Amino acid sequence: MELEVFDIIVFVTGIIIGFAGALTFRSLSKKGSSDKHRSAGATIEALQQELERRQVLADDHFLQLHAHISAAEKKLADARKAVLEGASSLATVELEKPEETKETDSDSEFTTAPPRDYAAKESSDEGTLSESYGLHRNASEEPSRAI
């Protein structure tokens, strides 16, 4: 009987140790997977922060560039004004003033116009841009369907 009791004790001990080992393995695997998820999340967050940082740098660069160009344009306008004032008081040559409304001239170049009909036609014919072009056929164009 002692052998049977010993077998039962070993069997129950094995089940308890196996159950404890399974729980330990499960908790370790969950911890490892959660660390992986955290590291993946941290990587995504780091990439997002890097992207935002680069966007801020690009925005700052273009704002500074715009400010420098605006300042250069103002200095150029002041220099032209000084040259014109100096030329009018010192020189006998009359200088032309630069056009200040160049933007309105450039806008007139890009105005739209209705499409033109460039198809060769007689004065009585309709052009290819007409809504009824090609809808009316002459009777002579249709083939005869006699048997």
Side-chain angles (χ1 to χ4, degrees), residues 1-137 141-143:
M1 259 308 253
E2 293 181 6
L3 192 57
E4 291 175 354
V5 172
F6 182 72
D7 287 342
I8 292 173
I9 292 173
V10 169
F11 179 73
V12 170
T13 307
I15 289 176
I16 292 171
I17 291 174
F19 186 68
L23 288 176
T24 305
F25 178 74
R26 184 176 175 195
S27 67
L28 289 176
S29 66
K30 279 187 177 180
K31 186 177 181 181
S33 66
S34 67
D35 289 343
K36 288 179 184 177
H37 291 299
R38 285 184 197 148
S39 65
T43 304
I44 291 172
E45 290 174 5
L47 289 173
Q48 184 69 26
Q49 289 175 353
E50 179 67 19
L51 181 64
E52 289 173 0
R53 186 184 68 81
R54 287 181 184 229
Q55 184 65 43
V56 167
L57 289 174
D59 292 345
D60 288 344
H61 170 73
F62 285 112
L63 285 174
Q64 289 175 358
L65 186 62
H66 178 68
H68 288 302
I69 289 174
S70 296
E73 287 175 347
K74 287 179 184 177
K75 287 180 182 178
L76 181 62
D78 291 343
R80 284 185 180 168
K81 184 177 178 183
V83 167
L84 286 174
E85 288 174 358
S88 65
S89 65
L90 297 176
T92 58
V93 179
E94 192 69 31
L95 295 178
E96 295 179 12
K97 290 187 177 182
E99 295 179 12
E100 295 180 8
T101 59
K102 286 189 176 186
E103 293 180 10
T104 58
D105 293 340
S106 63
D107 290 341
S108 64
E109 293 176 9
F110 297 111
T111 56
T112 58
R116 296 187 179 118
D117 191 0
Y118 293 108
K121 62 178 182 169
E122 296 178 12
S123 61
S124 62
D125 290 341
E126 294 179 341
T128 55
L129 294 178
S130 173
E131 291 181 7
S132 60
Y133 177 76
L135 295 179
H136 305 289
R137 292 187 182 175
E141 292 179 3
E142 297 211 14

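Side chains included, hydrogens not; waters and symmetry mates left out as well; all remaining heavy atoms used. Since the structure is predicted, the reported quantities are computational estimates derived from the model, not experimental observations.
- Contact of the L51 side chain with the L47 side chain is not registered, since no non-hydrogen atoms from C-beta on lie closer than 4.5 Å.
- To the nearest 0.5 Å, atom CD of residue Q48 and atom CD1 of residue I44 are 9.5 Å apart.
- Partner of V12 under the side-chain contact (heavy atoms from CB on, under 4.5 Å) criterion, out of I9, I15, I16: I16 alone.
- Residues Q49 and R53 have side chains not in contact (no heavy-atom distance under 4.5 Å, counting atoms from C-beta outward).
- Here the OG1 atom belonging to T13 is positioned 11.0 Å from the CD1 atom belonging to I8, to the nearest 0.5 angstrom.
- A donor-acceptor pair shorter than 3.5 Å can be found between the side chains of D59 and Q55.
- Atoms CD and CD, on E45 and E52 in that order, are 10.5 Å from each other to the nearest 0.5 Å.
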